[in-house]
Amino acid sequence: MNDPKRYIITSALPYANGALHLGHLAGAYLPADIYVRYLRLQGKDVVWVCGSDEHGAAITIQAKKEGTTPEAIINKYHELNKVTFENLGISFDIYHRTSDPLHHKTAQDFFKKLYDQGGEFEEKTSDQYYDEEFNQFLADRYIKGTCPKCNHTEAFGDQCENCGSTLSPSELIDPVSTLSGKKPTLKSTTHYYFKLDKHEQWLRGWIENGEVDGEKVHQTKAWKKHVIGQCLSWLDGGLHPRAITRDLDWGIKVPVEGADGKVLYVWFDAPIGYISATKQWAEDHGKNWEDYWKSEDSRLIHFIGKDNIVFHCIVFPSMLKAHGDYILPHNVPANQFLNFEGKKFSKSRGWGIEQNDYLETFKEFPNKEDALRYALIRNLPENKDADFKWDEFVEFHDNELVANLGNFINRVTVLTTKYYEGKLPVATALHLAPVQKLAEQLETALEGFNFKVAIQLVNEISSYGNTYLQDVSPWKIWKENPDSTEVKDCLATCLEIVGLLSVFVAPFLPFSAAKIRRFINLPELRNGDWEKAHTNLKNGVSIYQSDHVINEPELLFAKINDRKDTSRLDLINAQKAKLAAILEAEKANDREPIKPEITFDDFTKMDLRTGTIIEAEKVKKADKLLKLTVDLGTEKRTVVSGIAKYYEAEKVIGQQVLLLVNLAPRKLRGIESQGMILMAENEKGALCFVSPEKGWGNGFVVK
RNA sequence: GGCGAGGUAGCUCAGCUGGUUAGAGCGCUAGAUUCAUAAUCUAGAGGUCGGGAGUUCAAGUCUCCCUCUCGCUACCA
């Protein structure tokens with residue numbers, strides 16, 4: 001595990017059916033951008049790949065909904081996300097796409113290799129829903145029906161979006177094909193399964209000890225705790241073969257004879273997208289992609305959000321290992337989730353802000369890119385969920401970027417201009433020891449993916465500058481003696497710090513770094529400049545030529561909380577007002593819509609009766625369930641009810657209830673439930689009994 | 001119920017393999033300063049490190065139990 005010769009960095013491929021929000025940015029893209037920019041400035045050989053994930057049923061369904069083609073959808077969002085990333089300074093080496101023929105070929109070759117060598121796949125045949133009219137099997141998302149759990153009539157085959165339950169198509173009541181609108185038939189179909197279970201053993205050694213085949217390949221300590229924890233949890237649960245093909249006409253054809261109408265499942269093809277993106281990049285730049293993916297002295301690092309841990313730490317490594325030639329990820333620094341003003345991002349609720357939206361809304365805001373990057377970096381969900389707040393956005397910007405960093409640079413450039421007409425003063429000594437120490441800590445933090453710590457260290461460097469300037473107070477000395485060497489030493493030191501900051505700030509705030517370079521009249525940053533600057537710092541060599549002249553002072557950042565110009569604060573306040581309005585609207589409109597009309601006959605089918613709970617106990621190993629015995633006068637019924645969160649067992653004894661007595665019995669946690677107790681549920685999900693007036697007898701019919 | 005991650009100053013969070021009076025930023029209080037975008041600098045107040053028990057010469061840091069938050073999962077008839 002010596003220093004690697006080259007790096008291959010990946011960021012999760014965004015699904016090309018929508019725009020990305022700030023949470024995505026903070027999860028897999030911004031941290032990777034910092035890391036990659038740092039590596040480049042260190043003069044490393046690094047390729048950072050990403051691109052659009054453009055297959056899967058969700059895209060075809062969306063196309064149908066919008067009355068357009070899958071191609072139109074993916075083209076639209078591929079372009080949008082690509083441009084938005086660029087505008088935010090996210091510096092991928094390539095932003096590829098999985099609809100590219102090169103990717104199709106790469107993924108097919110990958111599949112074919114595993115297929116041909118044998119032992120990795122198995123075929124299984126099962127009954128799946130089939131649309132006779134459209135002549136095709138229906139992916140889970142193509143089937144709609146009534147949710148067996150909440151009776152929502154628009155539930156999908158894989159999930160009910162009303163109650164959030166995970167479903168399988170066969171559970172749906174009255175399934176309907178979304179293609180023809182007709183009832184689908186069951187038909188048998190054969191699919192390929194990747195035998196993940198086969199890889200369980202080496203995966204455990206790899207995750208737990210960083211060892212494969214007796215060889216140490218990474219330091220486990222360098223991996224995040226929650227990443228290892230989640231992987232081990234999966235391994236403990238046992239791995240199972242996973243279907244890697246689907247019956248769909250949108251995607252990558254399964255390259256096997258007789259597999260017509262079948263495509264690779266997206267999670268199989270998407271990670272291979274990293275490889276095809278690298279191939280494309282290598283072709284464009286006259287490089288060999290295999291150096292990056294198949295050479296022991298390369299280092300593969302995946303930047304993802306925590307929802308992708310399993311794919312990148314279990315599934316994809318298994319695929320790579322099964323293939324045989326590839327290296328395994330050296331680290332997967334997955335981030336947790338970013339919330340937005342205390343709640344999850346939610347497109348349907350309008351809660352949160354998308355990247356392109358931000359850029360549009362803050363169009364007039366100078367330095368909008370770095371302001372956003374900074375606020376996100378200060379608050380990255382590195383080890384636990386974090387929260388983006390507009391108030392913090394303003395505080396970070398004004399207190400840290402403006403008052404600390406921007407102000408220091410302004411002080412130095414103004415003083416230099418005033419005293420020396422912008423010429424670098426000749427110094428007898430530079431006072432940079434603390435800066436050198438901070439620079440070393442900064443490198444350690446960046447190499448350990450601790451970007452929050454890293455940005456704080458950058459702050460400390462300019463903070464040191466401010467303190468040092470205050471200590472010397474050259475403006476006092478200069479009044480007495482404009483020729484003082486003390487003043488010259490001080491400003492030369494400060495200019496040196498500004499020069500170093502122009503480099504150290506660059507991975508985080510590339511736009512500001514470029515501006516600082518212009519202020520002090522240094523050329524644009526190039527690969528390797530960090531390494532050079534740090535070496536010079538260690539050797540006491542200045543980054544300036546002796547007769548260097550800086551440019552006229554300018555302000556680096558425009559304060560948000562500016563008394564003379566409220567335009568920027570107005571923007572922030574408008575955002576906050578928008579959120580308040582959403583909350584207000586939701587409060588006013590939190591009742592469920594009335595269900596479709598039914599007939600009196602429908603109603604009379606239900607046999608509702610009064611009853612009294614006479615026994616109650618908690619069901620073991622279930623959070624929500626109480627086992628109740630309800631007295632109906634003529635008989636006693638056992639009912640399992642999901643009310644344990646709101647009612648303790650002892651407290652419900654004696655409670656009068658209404659019971660639906662002719663509901664088909666069903667086993668829950670091994671106990672047969674013979675009826676359903678009526679409860680009212682409020683917007684928070686809290687429950688309350690619906691009962692007859694006190695003293696009513698048991699067993700009377702409700703009509 | 002199972003699993004994972006957390007619970008450290010008013011707020012947001014650092015605290016690596018256990019070791020001197022537990023740290024940072026913001027906020028607050030007092031003072032200094034004017035080169036600077038009402039910016040900067042210094043000092044101070046403020047924590048029984050979720051609770052309890054244990055191991056140890058020594059625990060925020062290890063073990064066990066309990067509790068709360070978030071996520072995944074089972075379970076809402």
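Proteins get letters first, then strands, A, B, ... in listed order; numbering begins at 1 in each.
One interatomic measurement links the two molecules: CH2 of A:Trp475 to C1' of B:rA36, which rounds to 9 Å at whole-angstrom precision. Taking atom CD of residue A:Gln230 and atom C1' of nucleotide B:rC70, one finds them 13 Å apart after rounding to whole Å.
Under the Watson-Crick or G-U wobble criterion, with both distances below 3.5 Å, B:rA45 is left unpaired in every strand shown. Across all strands shown, B:rC75 has no partner, as no Watson-Crick or G-U wobble contact with both distances under 3.5 Å is found. B:rU37 is unpaired under the criterion used here, namely a Watson-Crick or G-U wobble arrangement in which both key atom distances are under 3.5 Å. The partner of B:rU69 is B:rA5, judged by Watson-Crick or G-U wobble contacts that both fall below 3.5 Å. Across the strands present, B:rC57 finds its partner in B:rG19; the criterion is a Watson-Crick or G-U wobble pair with both atom distances under 3.5 angstrom.
Among the heavy atoms of the strands, none lies under 4.0 Å from A:Lys224. Backbone-only engagement by A:Glu400 is indicated by non-hydrogen atom pairs under 4.0 Å involving sugar-phosphate atoms exclusively. No engagement by A:Ser473 is indicated, since no non-hydrogen atom pair under 4.0 Å with the nucleic acid exists. Counting any heavy atom pair closer than 4.0 Å across all strands shown, A:Leu232 reaches no nucleic acid atom. Using a 4.0 Å heavy-atom cutoff across all strands shown, A:Val453 reaches no nucleic acid atom at all. Within 4.0 Å (heavy atoms only), A:Leu625 reaches sugar-phosphate atoms of the nucleic acid but no base atom.
Checking each of A:Asn407, A:Asn410, A:Thr413 against A:Leu555 for a side-chain contact (heavy atoms from CB on, under 4.5 Å) leaves exactly one that passes, namely A:Asn410. If you run side-chain contact (heavy atoms from CB on, under 4.5 Å) between A:Ile560 and each of A:Asp565, A:Leu571, A:Leu569, only A:Leu569 comes through.
Listed by residue number, A:Asn407, A:Asn410, A:Arg411, A:Val414, A:Leu415, A:Lys418 are the residues of residues 404-419 of chain A with a heavy-atom contact under 4.0 Å to RNA chain B.
Relative to the side chain of A:Phe557, the nucleotides B:rC26, B:rU37, B:rA77 differ in distance, and B:rU37 lies closest. When distances are taken from the side chain of A:Ala403 to each of B:rA39, B:rC35, B:rU12, the shortest belongs to B:rA39. Closest to the side chain of A:Glu395, from the set B:rA5, B:rC26, B:rA38, is B:rC26.
Between B:rU12 and B:rG27, the distance separating the two P atoms is 15 Å to the nearest Å. Between the C1' atoms of B:rG47 and B:rU33, the separation comes to 32 Å (whole Å). Nucleotides B:rC66 and B:rA30 place their C1' atoms 45 Å apart, quoted to the nearest Å. With P as the reference atom, B:rG44 and B:rC62 are 32 Å apart, rounded to whole Å. For the P atom pair drawn from B:rG10 and B:rU55, the interatomic distance equals 32 Å after rounding to whole Å. B:rU21 and B:rG2 are spaced 40 Å apart, taking the P atom of each and rounding to whole Å.
Comparing A:Lys344 and A:Glu392 along RNA chain B, the residue whose closest nucleotide (by nearest heavy atom) sits nearer the 5' end is A:Glu392. Nearer to the 5' terminus of RNA chain B, by closest-nucleotide assignment, is the contact made by A:Lys479 (compared with the other of A:Lys564 and A:Lys479).
The side chain of A:Thr467 places no N or O atom within less than 4.0 Å of a non-bridging phosphate oxygen (OP1 or OP2) of B:rU40. Remark: A:Lys225 is in phosphate contact with B:rG6, judged by side-chain N or O atoms under 4.0 Å from OP1 or OP2. For A:Ser463 and B:rG25, the shortest distance from a side-chain N or O to OP1 or OP2 is not below 4.0 Å.
Between A:Leu659 and A:Met676, the closest side-chain pair of non-hydrogen atoms is not below 4.5 Å. Contact check for A:Val402 versus A:His397: side-chain heavy atoms found under the 4.5 Å cut-off. Under the 4.5 Å side-chain criterion, counting only non-hydrogen atoms from C-beta, A:Leu579 is in contact with A:Phe340. Using a 4.5 Å heavy-atom cutoff, the side chains of A:Phe337 and A:Lys344 are not in contact.
Partners of A:Tyr35 by ring-ring contact (aromatic ring centres under 6.0 Å, His included), not counting sequence neighbours, listed by chain and number: A:Phe303, A:Phe449.
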